[in-house]
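Throughout, residue positions are numbered sequentially from 1 according to the sequence presented.
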Amino acid sequence: MTDPIAARQQLVDDRHYKYRGCAPDEENPTMSAADPDVPLDAWGPYTGDGAEAQKTRIDREKAAKQICGRCPVLALCRTYANTTTVDEEGVEHLAEPEGVMGGELALSRHRALIARRHAATVSTDPATETPAAAVVRDLSEGRTPQKQALLKALARETDPELVAYRAGMDLRTANWHRSALVTMLGLDKGRATRDQLLTAAVDQGLLPRSTRIRPDGPWAYAAAPTTDGARQRRIAPGRPVQLILPGLEDMPRGRRLPVRPGRPPAGRGPGSGPSPRRRAGLRRLAAVRTALQPRIPFVPTTVLEPAS
């Protein structure tokens, strides 16, 4: 690890340091010597009142990076800007955590620091690489009452709304907990299925092995859905798009038969009715609607006999 004090001294002692792009102009010290139209504040963090407009920030950072691109001490400045210091708790921090330095934004330097931390903890040597199943993860958050209730509901139901109802939370909160569990178990949010999430939860001890898991069927559900519908369900290649109804999510639509010349389509001719599969679906839909309707208790009325 490069010493930030030594890197700073090497930058200042360079013979081209006085020709740097962010040096103050001799006639106007508040402006850049490389471009009199760019103020020195373009390299530093925003210190004005209120929030800085996004377009103003982007233009300011773009002008600073363009000047840094032709700076004679660009490499030395970038090296110093990416050096780190270690605090009392052993956590690394950037020597220059703010502003544009070395042609890089502060966000880019922070991302590079996070990548270096990750590379230091994960070995890239195949001979010494730890298998994914042997990675020790902190699963204490997965044993909270909310996530335990969600996992049990997810094992019982497949529809996202029913999962949230069984877990006793709203849909957005349930999807957030599902996304957190996917990240906690090391799965891919975009490709992991509900069955993979539950299998990983059982393997890691978050669910007992005696848990009965309702299978996804031919249509695999996403492990980490989103409320806006961008990641609700994965449709298998070559299969028709299925309409998902609450309580009827496992009813795949069959293939439509071709119409023969001179013969009316099925279900449209005189005396023809719905197919057996359609009739079964209609009966299930009627049962669900009946179950969802409020039950009105029957109150018998007393009929009074006319007086004789």
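- Applying the side chain to side chain donor-acceptor pair (under 3.5 Å) test between D13 and each of R15, Q10, Q9 identifies Q9 as the sole match.
- If you take CG on L150 and CG on L206, they are separated by 11.5 Å, rounding to the nearest 0.5 Å.
- What you find for A224 and S179 is that their closest heavy atoms are CB-CA, 3.8 Å.
- Ion pair R214/D195 not flagged as a salt bridge, since none of the NZ, NE, NH1 or NH2 atoms sits closer than 4.0 Å to an Asp/Glu carboxylate oxygen.
- In this structure the side chain of Y17 never reaches within 4.5 angstrom of the side chain of L76, judged on heavy atoms.
- Residue pairs meeting the side-chain hydrogen bond (donor to acceptor under 3.5 Å, both in side chains) criterion with at least one partner in residues 94-108, sequence neighbours excluded, are Y80-E96, N82-E104.
- Between D25 and E27 the shortest side-chain heavy-atom distance falls below 4.5 Å.
- A 4.5 Å side-chain heavy-atom check between R194 and I213 finds at least one atom pair inside the cut-off.
- Linking ILVMFWY residues whenever their side-chain heavy atoms come closer than 4.5 Å, directly or via other members, places L187 and V163 in the same cluster.
- Surrounding CZ of R156 are at most 12 heavy atoms belonging to other residues, nucleotides or ligands under 6.0 Å away.
- Of all the heavy atoms in V100 and E61, the pair that sits closest is CG2-CG, 4.4 Å.
- Contact of the L105 side chain with the K65 side chain is registered, since non-hydrogen atoms from C-beta on lie closer than 4.5 Å.
- Cluster annotation: I67 and Y19 are assigned to distinct hydrophobic clusters (Ile/Leu/Val/Met/Phe/Trp/Tyr, side-chain heavy-atom contacts under 4.5 Å, transitive).
- Atom CD1 of I58 is surrounded by more than 12 heavy atoms from other residues, nucleotides or ligands within 6.0 Å.
- A donor-acceptor pair shorter than 3.5 Å can be found between the side chains of D170 and T173.
- The CE atom of M31 lies 9.0 Å from the CG atom of D41; values are rounded to the nearest 0.5 Å.
- In this structure, R8 CZ and C77 SG are separated by 8.5 Å, a value rounded to the nearest 0.5 Å.
- Taking the side chain as every heavy atom from C-beta outward, T84 and R116 approach each other to under 4.5 Å.
- Within the model, atoms CE of M101 and SG of C22 stand 7.0 Å from one another, a figure rounded to the nearest 0.5 Å.
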task = Take E157 and D159, measure what side-chain contact (heavy atoms from CB on, under 4.5 Å) needs, and give me the verdict at the end.
result = CA-CA 6 Å; E157 303 290 348; D159 185 76; 5.7 Å; no
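- Distance check, rounded to the nearest 0.5 Å: CG of L154 to CG of L198 gives 4.5 Å.
- The shortest heavy-atom contact between K147 and M184 is CE-CE, 4.1 Å.
- In terms of heavy atoms, A64 sits closest to A42 at CB-O, 3.8 Å.
- Hydrophobic clustering, with ILVMFWY side chains joined whenever heavy atoms are under 4.5 angstrom apart, keeps M169 apart from L181.
- In this structure the side chain of R209 reaches within 4.5 angstrom of the side chain of D203, judged on heavy atoms.
- Here the closest non-hydrogen pair linking L185 and A201 is CD1-N, 3.9 Å.
- Looking at T30 and P39, their side chains never come closer than 4.5 Å, going by heavy atoms from C-beta outward.
- Taking CG from L207 and CG from L151, the interatomic distance works out to 4.5 Å, rounded to the nearest 0.5 Å.
- No donor-acceptor distance shorter than 3.5 angstrom exists from the side chain of R178 to the backbone of P160, with no hydrogens or angles considered.
- Judged by distance alone, with hydrogens and angles left aside, the side-chain atoms of R109 form a donor-acceptor pair with the main-chain N or O of G99 at under 3.5 Å.
- For the pair L40 and S32, the tightest heavy-atom approach, listed with the atom from each and the gap, is CD2-CA, 3.9 Å.
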